[in-house]
Amino acid sequence: MKRYNSFADFYPFYLSEHSRPACRRLHLLGNTLVIATIVFAVATRTWWSLAALPVLGYGCAWIGHFFFQKNRPATFTYPLYSFIGDWVMTKDVVTGKIRF
């Protein structure tokens, strides 16, 4: 297992693990559902709905890895950097820096 000293060192590896568009799209879908669920929970004060966040976020991402990317999610080895990478990749897709 390679050790990364910074997120900047880790992010190129993270992107290489998300080279297929279907995988990136599922990550974006999961993050969109996470944001929508948080907005829904706050707007309606149905805090129990927040329990769905891990299923929505990680579920979509893991489907992308297991069925399209055909690799093991980096979350299992690098949980914090992977969590950050997921949101940075989402920002990069939304801003057009990475192809959707």
Are I84 and F76 connected, step by step, through hydrophobic side chains (Ile, Leu, Val, Met, Phe, Trp, Tyr) whose heavy atoms are closer than 4.5 Å?
no
Under a single-linkage definition using a 4.5 Å side-chain heavy-atom cutoff for Ile, Leu, Val, Met, Phe, Trp and Tyr, are Y78 and L80 assigned to the same hydrophobic cluster?
yes
Any link between V34 and V55 through a network of hydrophobic side chains (Ile, Leu, Val, Met, Phe, Trp, Tyr) touching at under 4.5 Å?
no
Closest approach of F13 and A74, non-hydrogen atoms and distance?
CE2-CB, 4.2 Å
With heavy-atom distances below 4.5 Å as the criterion, would you say the side chains of H18 and D86 are in contact?
no
Backbone N or O of E17 within a donor-acceptor pair of the N71 side chain at under 3.5 Å?
yes
When you look at K2 and F10, which way does the side chain to side chain contact (heavy atoms under 4.5 Å, CB included) test go after all the steps?
CA-CA 10 Å; K2 182 172 178 175; F10 173 78; over 6 Å; no
pair F67-C23: side-chain heavy atoms closer than 4.5 Å
no
Could you tell me which non-hydrogen atom of L28 sits nearest to which non-hydrogen atom of V94, and how far apart they are?
CD1-CG2, 4.1 Å
Counting only heavy atoms not in R20, do more than 12 fall under 6.0 Å of its CZ?
no
Determine the minimum heavy-atom distance between Q69 and S19, stating which atoms define it.
NE2-OG, 2.9 Å
Going from CD1 on I98 to NZ on K91, what distance comes out if it is rounded to the nearest 0.5 angstrom?
8.0 Å
Strictly distance-based, threshold 3.5 Å: is any side-chain N or O of S82 a donor or acceptor partner for the main-chain N or O of P79?
no
Is it possible for you to say whether F40 and L29 belong to one hydrophobic cluster, with membership spreading through side-chain heavy-atom contacts below 4.5 Å?
no
Going through the distances and angles, do M89 and N31 end up as a side chain to side chain contact (heavy atoms under 4.5 Å, CB included)?
CA-CA 10 Å; M89 184 177 68; N31 285 349; over 6 Å; no
So which heavy atom on A41 is nearest to which on L50, and how close?
CB-CD2, 3.6 Å
If hydrophobic clusters are built by linking Ile, Leu, Val, Met, Phe, Trp and Tyr wherever their side-chain heavy atoms come under 4.5 Å apart, do L33 and W47 end up in the same one?
yes
Would you give the length of the straight line joining atom CG of L26 to atom CZ of F66, rounded to the nearest 0.5 angstrom?
12.5 Å
Evaluation steps, side chain to side chain contact (heavy atoms under 4.5 Å, CB included), between F83 and Y58:
CA-CA 10 Å; F83 180 79; Y58 287 113; 3.9 Å; yes
Any non-hydrogen side-chain atom of R99 less than 4.5 Å from a side-chain atom of R24?
yes
Decide yes or no for T32 and T90: does some side-chain heavy atom of the first lie under 4.5 Å from some side-chain heavy atom of the second?
no
Side-chain touch Y11/Y4, heavy atoms, less than 4.5 angstrom:
no
